[in-house]
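Quick notes on the structure that follows.
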Amino acid sequence: QVQLVESGGGLVQAGGSLRLSCAASGDIFSIDTMGWYRQAPGKQRELVAAITTGGSTNYADSVKGRFTISRDNAKNTVSLQMNSLKPEDTAVYYCNAARFLPWRYDYWGQGTQVTVSS
């Protein structure tokens, strides 16, 4: 089992920055890809950014150039640096960890609220 705990959410004005962190514990050796998803009220949960164990990254088009995902394998943490925040970024952000062998399985954090005021 893997437990994920997010931190760093909060209220920030448009144009500001915020850094989210996620700490993984438990059977962390089973984790491959880690990432961040977000869900706004009434909307589908969407992938924001992901990073593999090897460091390959993937970003949603809406956040490219503004958000940066990083990972510290030694500390079992993943972070999301969010710059130039927009009101549209307001959502609950969830840390995600996925393994692919022997089958795909996703672990989720409790979520942390990010609110960007206009």
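Side chains included, hydrogens not; waters and symmetry mates left out as well; all remaining heavy atoms used.
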Practice task
Check Ala24 against Val2 and note the closest heavy-atom contact, atom names and distance.
Solution key: CB-CG1, 4.5 Å

Exercise for the section: Could you check if a side-chain atom of Leu20 sits within less than 4.5 angstrom of a side-chain atom of Thr112, using non-hydrogen atoms only? Expected result: yes

Practice task
Assess whether atom CD of Gln39 is packed by more than 12 heavy atoms of other residues, nucleotides or ligands within 6.0 Å.
Solution key: yes

Practice task
Output yes when a side-chain donor or acceptor of Thr90 lies under 3.5 Å from a complementary backbone atom of Val116, and no otherwise.
Solution key: yes

Exercise for the section: Decide whether Leu11 and Val114 are clustered together by the hydrophobic rule: side chain heavy atoms of Ile, Leu, Val, Met, Phe, Trp, Tyr closer than 4.5 Å, transitively. Expected result: no

Handout entry: Centroid-centroid distance, Tyr37 to Trp108, less than 6.0 Å
Key = yes

Problem - Those residues that, when tested against Glu46, pass salt bridge (Lys or Arg N to Asp or Glu O under 4.0 Å) (two or more places apart) - result: Arg38

Practice task
Could you list the residues that satisfy side chain to side chain donor-acceptor pair (under 3.5 Å) with Thr115, not counting sequence neighbours?
Solution key: Gln113

Handout entry: Taking every non-hydrogen atom, the tightest pair across Pro87 and Ser118
Key = CG-CB, 3.9 Å

Practice task
Please check if Val5 and Leu18 belong to a single hydrophobic cluster, counting links between Ile, Leu, Val, Met, Phe, Trp and Tyr side chain heavy atoms closer than 4.5 Å.
Solution key: no

Practice task
Before accepting this row, confirm whether a basic side-chain N of the pair Asp89/Lys86 lies closer than 4.0 Å to the acidic partner's carboxylate O.
Solution key: no

Fill in the blank from the handout: Closest heavy-atom pair, Ser84 versus Arg66, reported as atoms and distance to 0.1 Å, is O-NH1, 3.0 Å

Problem - Thr77 versus Asp72, side-chain donor and acceptor atoms under 3.5 Å - result: no

Which donor-acceptor pairs under 3.5 Å do side chains of residues 27-35 form with protein atoms, sequence neighbours excluded?
from	atom 1	to	atom 2	distance (Å)
Ser30	OG	Asp27	O	2.8
Asp32	OD1	Thr53	OG1	3.3

Practice task
Mind listing the closest non-hydrogen atom pair of Cys22 and Leu4 along with its distance?
Solution key: SG-CB, 3.9 Å

Problem - Side chain proximity check, Tyr94 to Val48, heavy atoms < 4.5 angstrom - result: no

Exercise for the section: Begin from the C-alpha positions of Ser70 and Arg19 and carry the test side-chain contact (heavy atoms from CB on, under 4.5 Å) through to its verdict. Expected result: CA-CA 11 Å; Ser70 60; Arg19 185 177 179 86; 3.7 Å; yes

Exercise for the section: Could you check Glu6 against Trp36 for side-chain contact (heavy atoms from CB on, under 4.5 Å), going step by step and ending with a plain yes or no? Expected result: CA-CA 10 Å; Glu6 305 100 333; Trp36 292 90; 3.7 Å; yes

Practice task
Report the C-alpha distance between Tyr107 and Arg99 in whole Å, list the side-chain angles of each, state the deciding distance to 0.1 Å, and finish with yes or no for side-chain contact (heavy atoms from CB on, under 4.5 Å).
Solution key: CA-CA 9 Å; Tyr107 301 92; Arg99 71 181 188 204; 3.1 Å; yes

Problem - Verify same cluster id: Ile69, Val63 (apolar side-chain graph, 4.5 Å) - result: yes

Practice task
Look at the side-chain heavy atoms of Ile, Leu, Val, Met, Phe, Trp and Tyr, link any pair under 4.5 Å apart, and say whether Val12 and Leu80 land in one connected group.
Solution key: yes

Fill in the blank from the handout: Distance col, row Leu47:CG vs Asn58:CG, nearest 0.5 angstrom, shows 6.0 Å

Handout entry: Atom pair CD (Gln3) and OG (Ser25), whose distance is rounded to the nearest 0.5 Å
Key = 4.5 Å

Exercise for the section: Report yes if the side chains of Met82 and Tyr93 come closer than 4.5 Å at any heavy-atom pair, otherwise no. Expected result: yes

Practice task
Could you walk me through whether Tyr59 and Thr68 pass side-chain contact (heavy atoms from CB on, under 4.5 Å), step by step?
Solution key: CA-CA 8 Å; Tyr59 296 91; Thr68 302; 3.9 Å; yes

